[in-house]
Amino acid sequence: MDHSAHHTSTPHSHTAPEGSHGGGHAEHSGHEGGASWPTAVKATLHCLTGCAIGEILGMVIGTALMWGNVPTMVLAISLAFVFGYSFTLFAVVRAGVSLRAAVKVALAADTVSIAVMELVDNAIIALTPGAMDAHLSDGLFWAALLGGFGVAFLITTPVNKWMIGRGKGHAVVHAYH
């Protein structure tokens, strides 16, 4: 995914310009020491996109292969991390960063966000009566999955806002675009 959607300005450093009162992310926050809600929402949507692609693909593959619930969920969660990281990885490599450095950036940027999202989403699915036994053609399967993504988004956005405001999580990607 192209991270340029996060900003319409030119590339910037994360140090405050001489004479400014802001910290490293003041341009993202509107106030010193925090991150704006729109920035947190964009970061969370970025994470949600990768997680959703990976998780749905994993569910489809596991179901098609007639795997049980546990191996299907392991595959879905693994693919959610792979796709979540890959969106950041490709954008950072495209910005001219070496693959090795880009992997470090992707891990730092997305690990907590993806982990929280997957924990919440899969907990919702596991706690929804009948969802674990529903098939891809069942409305319950899709309702639990999409509802889980919705709840995960609502819980992960404040986590991302807190992390970005401290120069962690998705904030580390901003230096590369």
So do the side chains of [X] and [Y] get within less than 4.5 Å of each other, counting heavy atoms only?
X: Asp110; Y: Phe87; value: no
X: Lys104; Y: Val172; value: no
X: Cys47; Y: Phe153; value: no
X: Trp142; Y: Ile56; value: yes
X: Asn160; Y: His170; value: no

Next on the checklist: Grouping I, L, V, M, F, W and Y whenever their side-chain heavy atoms are under 4.5 Å apart, do Val60 and Leu140 come out in a common cluster?
Outcome noted: no

Next on the checklist: Is there a continuous path of hydrophobic side-chain contacts, each under 4.5 Å between heavy atoms, that joins Leu107 to Val82?
Outcome noted: no

Next on the checklist: Using the ring pair (Phe, Tyr, Trp, His ring centres under 6.0 Å) criterion, which residues pair with Tyr85? Sequence neighbours excluded.
Outcome noted: Phe81

Rounded at 0.5 Å granularity, tell me how far [atom1] in [X] sits from [atom2] in [Y].
X: Leu89; Y: Leu99; atom1: CG; atom2: CG; result: 6.0 Å
X: Thr44; Y: Trp37; atom1: OG1; atom2: CH2; result: 9.0 Å
X: Glu55; Y: Ile125; atom1: CD; atom2: CD1; result: 5.0 Å
X: Phe141; Y: Leu146; atom1: CZ; atom2: CG; result: 8.5 Å
X: Met132; Y: Asn122; atom1: CE; atom2: CG; result: 8.0 Å

Residue pair [X] / [Y]: nearest heavy atoms and the distance that separates them:
X: Cys51; Y: Glu118; answer: CB-OE2, 3.5 Å
X: Leu79; Y: Gly54; answer: CB-O, 3.3 Å
X: Leu145; Y: Asp121; answer: O-OD1, 3.4 Å
X: Ile164; Y: Ala43; answer: CD1-CB, 3.8 Å

Distance-only check: which donor-acceptor pairs under 3.5 Å involve side-chain atoms of residues 62-75, not counting sequence neighbours?
unit_1	atom_1	unit_2	atom_2	d
Thr63	OG1	Met59	O	2.7
Thr72	OG1	Gly68	O	2.8

Checklist entry - To which residues is Val151 joined in a hydrophobic cluster, defined by side-chain heavy-atom contacts under 4.5 Å among Ile, Leu, Val, Met, Phe, Trp and Tyr, whether direct or through other members? => result Val112, Val116, Val120, Ile124, Ile155, Val159, Trp162, Met163

